[in-house]
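Shown next, in structure tokens, is the structure this report addresses.
Not measured: the values here are computed from a predicted model. Each ligand, and each atom within it, is numbered from 1 in the order the structure gives.
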Amino acid sequence: MDVTPLAQAVIANDRRALARAITLVESARDDHRAAARDLIGQVAVAGRQALRIGLSGTPGVGKSTFIEAFGMMLTAQGLRVAVLAVDPSSARSGGSILGDKTRMERLSRDPMAFIRPSPSQTHLGGVARRTREAVTLCEAAGFDVILIETVGVGQSETMVAEMCDLFLLLLAPAGGDELQGVKRGIMEMADIILVNKADGDLKPAALRTQADYAGALRLLRRRPQDPEGFPRALAVSALQEDGLQAAWADMQTLIGWRREHGHFDSRRAAQARHWFEEEVRQGLLASLGREPLKGLMVRLGAEVAAGGRTPDAAAAEVLALLGRAV
Ligand SMILES: Nc1nc2c(ncn2[C@@H]2O[C@H](COP(=O)(O)OP(=O)(O)OP(=O)(O)O)[C@@H](O)[C@H]2O)c(=O)[nH]1
Ligand SMILES: [Mg+2]
């Protein structure tokens, strides 16, 4: 398969080519994988860079509403916006497409925007690679901002944080004065916390929650990649499109500072290294599920279970074989 015409069409910002290219990188077929790798290598020469923004939040917090309003605000400023969704838990087999396209009705019709929902794929490693490659394709197509949405479950937040320049955490106003059960690790990944639904009856609660988080963020260890005042918590209303300009201004301040101080490039470099190592790790794991290792694992497993071999000795045999393979 010659992917050169497809690569050129992506770089020329042909949206249908972009959609086809993403479909190709989503495929698990071996020949498609080889073509996808070739394609990614070819588009990378375009050398374009977008601002990659990760956005996480529990179901119903307002991610789709936020992306629609925020995305429309950016396209109105002349920026081209791509939206990618990551939903590894996706039992909503393609259903998220319909749901999100109706929630993001205006944005999905905007010629300056491109929305690509999560594929119905469950393997996190596959989702990570697919998303990274989709990001590369969108960058090559010349998008200025790429929003990567994920629902706040499991490992998906960490994964998205590892592929973006900026990580936003969207929260709902809390009922009481307690911080919602946001795990410390996720708080530590966030660059900006947005307390959504700061409108109508919910506004006082949203402002309280925002103040609580602002306080909690001040207690966290200062990260080298942050200027004074970051990470920070803001109150917004995606529905009323309130506070979005301020949030965007903060994002630009943060990214501008990081660029100036070398953190932007060093973070991307560290991410590239991380994904290289992760690919190797995933590849090794996958080889355990294929012959000849698969059969060997079963045979040695039975021997170990029967007491004929110690776990260590059996593992050493498998690892020696892996070592010879490389
Ligand atoms: N009052 C208020 N309601 C909002 C706001 N943003 C979203 N909502 C409402 O919250 C509900 C959920 O919004 P979505 O944007 O679909 O939330 P989501 O995070 O995308 O949800 P999932 O896709 O299920 O994970 C909808 O009824 C929205 O109208 C807001 O700023 N204020
Ligand atoms: Mg949604």
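- Residue L239 places at least one N or O, backbone or side chain, under 3.5 Å from an N or O of ligand 1.
- Backbone or side-chain N, O or S atoms of S64 reach the Mg ion (ligand 2) at under 2.8 Å.
- Across the listed options D199, N196, V236, D199 owns the non-hydrogen atom lying nearest to atom 2 (C) of ligand 1.
- Of the polar atoms of K197, at least one N or O is found under 3.5 Å from an N or O of ligand 1, judged by distance alone.
- Considering backbone and side-chain N/O atoms, F66 never comes within less than 3.5 Å of an N/O atom of ligand 1.
- We find the CD-CE distance between Q271 and M163 to be 8.5 Å, quoted to the nearest 0.5 Å.
- A salt bridge between E139 and R52 is present, with a side-chain N of the basic residue lying under 4.0 Å from a carboxylate O of the acidic one.
- Ring planes of F114 and F143: tilted class, angle from 30 to 60°.
- Taking a cutoff of 4.0 Å between a charged side-chain nitrogen and a carboxylate oxygen, R273 and E277 do not qualify as a salt bridge.
- Note on ligand 1: G57 sits outside its first shell, no heavy atom being nearer than 4.0 Å.
- Listed by number with element, the atoms of ligand 1 under 4.0 angstrom from any heavy atom of T58 are 19 (O).
- Considering backbone and side-chain N/O of G62, one or more are found under 3.5 Å from N/O of ligand 1.
- A search for salt bridge (Lys or Arg N to Asp or Glu O under 4.0 Å) contacts involving D165 returns R268, not counting sequence neighbours.
- No salt bridge links E278 with R132; every basic N to acidic carboxylate O contact stays at or beyond 4.0 Å.
- Of the polar atoms of A238, at least one N or O is found under 3.5 Å from an N or O of ligand 1, judged by distance alone.
- D226 and R258 are joined by a salt bridge, as a carboxylate oxygen and a charged side-chain nitrogen come within less than 4.0 angstrom of each other.
- Polar contact with ligand 1: absent for Q240 (N/O pair, distance under 3.5 Å).
- Geometric assessment of R259 against the ring of F264 yields a positive cation-pi assignment under the 6.0 Å and 45° thresholds.
- Close approach of ligand 1 to K63 (heavy-atom distance below 4.0 Å) involves ligand atoms 15 (O), 17 (O), 18 (P), 19 (O), 20 (O), 21 (O), 22 (P), 25 (O).
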